[in-house]
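Naming: A, B, ... by sequence-line order, numbering from 1 per chain.
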There are 2 protein chains.
Amino acid sequence: MRILKELPLVPAERALKVLGGRWKVYVLYFLFDGPMRLSELRRQIPDVSQKVLVQQLREMEEHGIVHREVFAEVPPRVVYTATKLGLSLRPIVSALCAWGRRHAAELDVLDDGSPAASPRARKRA
Amino acid sequence: MRILKELPLVPAERALKVLGGRWKVYVLYFLFDGPMRLSELRRQIPDVSQKVLVQQLREMEEHGIVHREVFAEVPPRVVYTATKLGLSLRPIVSALCAWGRRHAAELDVLDDGSPAASPRARKRA
DNA sequence: GCGCATGGTTACCAACTGGTTACTACATCA
DNA sequence: TGATGTAGTAACCAGTTGGTAACCATGCGC
């Protein structure tokens, strides 16, 4: 569990590191509703490549928010579950989602149409 | 305001993008308590280089969570303030912080000492 | 005129992240 | 016999991020 040692010490930073993979909120979103197999996750999140999905799941597992269980069956079956710690992220993901929506709404208002919205025209504008 | 258009569509992802710079939570943390000059921020966050700090502040400004005000004085004075939208991140940063602390506590318990904590010894261990 | 402080910018780099493609191994299905 | 589905791994690549160091322009005090 080397990776854990490398997590930032400052709490908020650490949380952001844990959440901050390209596909992790998607994975969490689905795992909040129950366990899922790799192939199911792939179907639900078609844009992620298998390599990266596995990579993200490994990290989430090492960060203790996802549990991986292998069933030694005929076609190997691997089930991913959100741990208690993982489930405890649910309100945070919700809050982020709500804030993101608000952010989108407020900025689209400013952004839409009127170029007067720009408070401090930098030359790059 | 090109950058706004490129923000991810999924709200939580968008929020993470806005929060997800190496120093942004630090900046927010200090701006939550009131306006600050660049030099003050540099003093409070000694590990960040000026270039990167300015870079992060620019992004935060474009994302609408920070306001930049220039006073055309003898030594130029520039003051950064958290906008209303920026201040609305406060509870989220708090939540992330609390979760990060919990995460650190729970994992340190598992991690500390006993190598038996590892649920599924991967060869890399 | 020299160095300092302010608030930057520029050029250049190294590391990390995510992505593509191809490959493994096993067993069933047609 | 060969394609399909399962769950991966390995090699390689490109874009983004953060970081260093040097530089600019201004005005002050000495």
Side-chain angles (χ1 to χ4, degrees), chain A residues 2-3 5-8 10 13 16-27 35-63 66-81 120-125, chain B residues 2-3 6-8 10 13 16-27 35-63 66-81 120 122-125:
Chain A
R2 254 355 39 78
I3 194 173
K5 302 297 191 185
E6 295 155 20
L7 280 174
V10 174
E13 232 184 318
L16 283 173
K17 200 104 186 180
V18 171
L19 278 177
R22 176 80 181 74
W23 303 102
K24 289 185 185 171
V25 285
Y26 291 84
V27 172
M36 275 216 183
R37 305 181 54 172
L38 181 71
S39 46
E40 288 179 286
L41 284 169
R42 288 205 38 157
R43 266 190 293 277
Q44 297 288 343
I45 318 171
D47 285 350
V48 69
S49 71
Q50 173 152 327
K51 184 207 111 177
V52 173
L53 180 55
V54 169
Q55 195 175 283
Q56 307 267 308
L57 285 163
R58 289 287 188 278
E59 286 175 25
M60 298 170 81
E61 191 194 356
E62 301 208 67
H63 291 159
V66 155
H67 173 70
R68 176 178 179 267
E69 196 161 5
V70 188
F71 296 87
E73 297 175 356
V74 190
R77 190 159 61 94
V78 177
V79 171
Y80 293 92
T81 327
R120 193 175 53 87
R122 224 185 295 279
K123 59 271 165 205
R124 142 165 78 43
Chain B
R2 250 0 36 76
I3 193 173
E6 296 154 19
L7 281 174
V10 175
E13 233 183 317
L16 283 173
K17 200 103 186 180
V18 171
L19 279 177
R22 176 79 179 77
W23 304 101
K24 290 186 184 170
V25 284
Y26 291 84
V27 172
M36 277 218 183
R37 304 179 55 174
L38 181 70
S39 44
E40 289 180 285
L41 283 169
R42 288 206 42 163
R43 266 190 292 277
Q44 297 287 343
I45 318 172
D47 286 350
V48 69
S49 72
Q50 173 149 327
K51 184 205 109 178
V52 174
L53 180 55
V54 169
Q55 194 174 283
Q56 307 266 307
L57 285 164
R58 290 285 187 280
E59 285 174 24
M60 297 170 81
E61 191 193 356
E62 300 208 68
H63 291 158
V66 156
H67 173 68
R68 177 178 179 268
E69 195 161 2
V70 188
F71 297 87
E73 296 176 359
V74 189
R77 191 161 59 94
V78 177
V79 171
Y80 293 92
T81 327
R120 196 175 53 87
R122 225 185 296 281
K123 58 269 161 207
R124 139 165 80 42

Of D/dA7, D/dC12, C/dT6, the nucleotide closest to the side chain of A/Val78 is D/dA7
Just N and O in the side chain of B/Arg58: are any of them under 4.0 Å from OP1 or OP2 of C/dG7? no
Rounded to whole Å, CE of B/Met36 lies from P of C/dT6 at a distance of 14 Å
Whole Å only: how far is the CD atom of B/Gln50 from the C1' atom of D/dA22? 13 Å
Short side-chain N/O contact to D/dA7 OP1/OP2 from A/Arg77, under 4.0 Å: no
CE of A/Met36 to OH of A/Tyr80, rounded to nearest 0.5 Å, is 13.5 Å
For residues 43-53 of chain B, the side-chain hydrogen bond (donor to acceptor under 3.5 Å, both in side chains) pairs (sequence neighbours left out) are B/Arg42-B/Gln50
Rounded to the Å, how far apart are B/Arg43 CZ and C/dG7 C1'? 13 Å
For atom CG of B/Leu53 and atom P of C/dG7, their distance in whole Å: 11 Å
Can you identify which nucleotide, out of C/dG8, C/dG19, D/dA7, has its nearest atom closest to the A/Ser39 side chain? D/dA7
Nearest whole angstrom, please: distance from the P of C/dG7 to the CG of B/Leu57. 11 Å
Decide, yes or no, whether a salt bridge links B/Glu59 with B/Lys24 under the criterion of side-chain N to carboxylate O below 4.0 Å. yes
Listed by chain and number, what are the side-chain contact (heavy atoms from CB on, under 4.5 Å) partners of A/Val10, not counting sequence neighbours? A/Glu13, B/Tyr26
Go nucleotide by nucleotide along DNA chain C from the 5' end; which of B/Lys51 and A/Gln56 gets its closest nucleotide reached first? B/Lys51
The single option from B/Leu41, B/Val52, B/Val78 passing side-chain contact (heavy atoms from CB on, under 4.5 Å) against B/Leu57: B/Leu41
Rounded interatomic separation in angstrom, taking CD from A/Glu69 and P from D/dT6: 19 Å
Between D/dG15 (P) and A/Arg22 (CZ): distance, integer Å: 16 Å
Return the value, rounded to whole Å, for the distance between atom CG of B/Leu16 and atom P of C/dT17. 15 Å
Does A/Val52 or B/Pro76 map to a spot on DNA chain C nearer the 5' end, using the closest nucleotide for each? B/Pro76
Taking only side-chain N and O atoms of B/Tyr80, does any of them lie within less than 4.0 angstrom of OP1 or OP2 on C/dG8? yes
So, is B/Arg42 near the phosphate of C/dG8, with a side-chain N or O under 4.0 Å from OP1 or OP2? no
